[in-house]
Amino acid sequence: MFHANGWAIPFLTPLTGASLVLPGPKLDGASVYELLEQEKVTITAAVPTVWLNLLQYLDQNGLKLSHLKRVCIGGAAAPRALIERFEYHYNVEVIHAWGMTEMSPIGV
């Protein structure tokens, strides 16, 4: 739990009636994929490294994302190729939220 989204998501999720799924320490591509599919996650957030590992796993295993509709990328600037891969190959909308943490979600 750090930065603006780390403080906002855990509080806002139950306020909207959504389920909150936290991955724990396993952030490799296989573990993230299994969690997304098992829990039928539709919206999620992470840093670019997590998404790069997931996309690599998907490509290596010929898998698709059954339920995921939107990812929020923060913590670091996301490579353009990462964003395009999600949007054009997997039909997942990308929200690039990297920027001024001190603004908080309220400023956005």
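These numbers were taken from a predicted model, which means no experiment stands behind them.
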What's the shortest heavy-atom distance between [X] and [Y], and which atoms?
| X | Y | result |
| --- | --- | --- |
| Y90 | L63 | CE2-O, 3.5 Å |
| L27 | N53 | O-ND2, 4.2 Å |
| E87 | V94 | OE2-N, 3.4 Å |
| T42 | L68 | O-CD1, 3.6 Å |

Spacing of [atom1] belonging to [X] relative to [atom2] belonging to [Y], to within rounding of 0.5 Å:
| X | Y | atom1 | atom2 | answer |
| --- | --- | --- | --- | --- |
| K40 | S19 | NZ | OG | 11.5 Å |
| C72 | E93 | SG | CD | 10.0 Å |
| L54 | T44 | CG | OG1 | 9.5 Å |
| L55 | Q60 | CG | CD | 11.0 Å |

Does atom CG of N91 have more than 12 heavy-atom neighbours, drawn from other residues, nucleotides or ligands, at distances under 6.0 Å?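 Open.
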
Does K26 have more than 12 heavy atoms from other residues, nucleotides or ligands lying within 6.0 Å of its NZ?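 No, the 6.0 Å shell around NZ holds no more than 12 heavy atoms from other groups.
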
Show, in sequence, the C-alpha distance, side-chain angles and deciding distance for H67 and E37, and conclude whether the side-chain contact (heavy atoms from CB on, under 4.5 Å) test is met. CA-CA 7 Å; H67 309 281; E37 291 297 304; 4.1 Å; yes

Under 3.5 Å: donor-acceptor pair, side chain of T13, backbone of P10: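 Answer holds: no.
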
Kindly say whether G29 contributes a backbone atom to a donor-acceptor pair with the side chain of Q56 at under 3.5 angstrom? no

Any side-chain heavy-atom pair of [X] and [Y] under 4.5 Å:
| X | Y | value |
| --- | --- | --- |
| K64 | H89 | yes |
| W51 | V92 | no |
| L35 | V41 | no |
| I9 | L20 | yes |

With under 30° as parallel and over 60° as perpendicular, where do the rings of Y33 and Y57 fit, or are they tilted in between? tilted

Taking V32 as the starting point, is it possible to reach V21 by hopping between hydrophobic residues whose side chains are less than 4.5 Å apart? yes

Excluding sequence neighbours, so at least two apart, what forms side-chain contact (heavy atoms from CB on, under 4.5 Å) with P48?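 Scan of P48 (side-chain contact (heavy atoms from CB on, under 4.5 Å), adjacent residues dropped) gives I73, A76, A78, P79, L82.
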
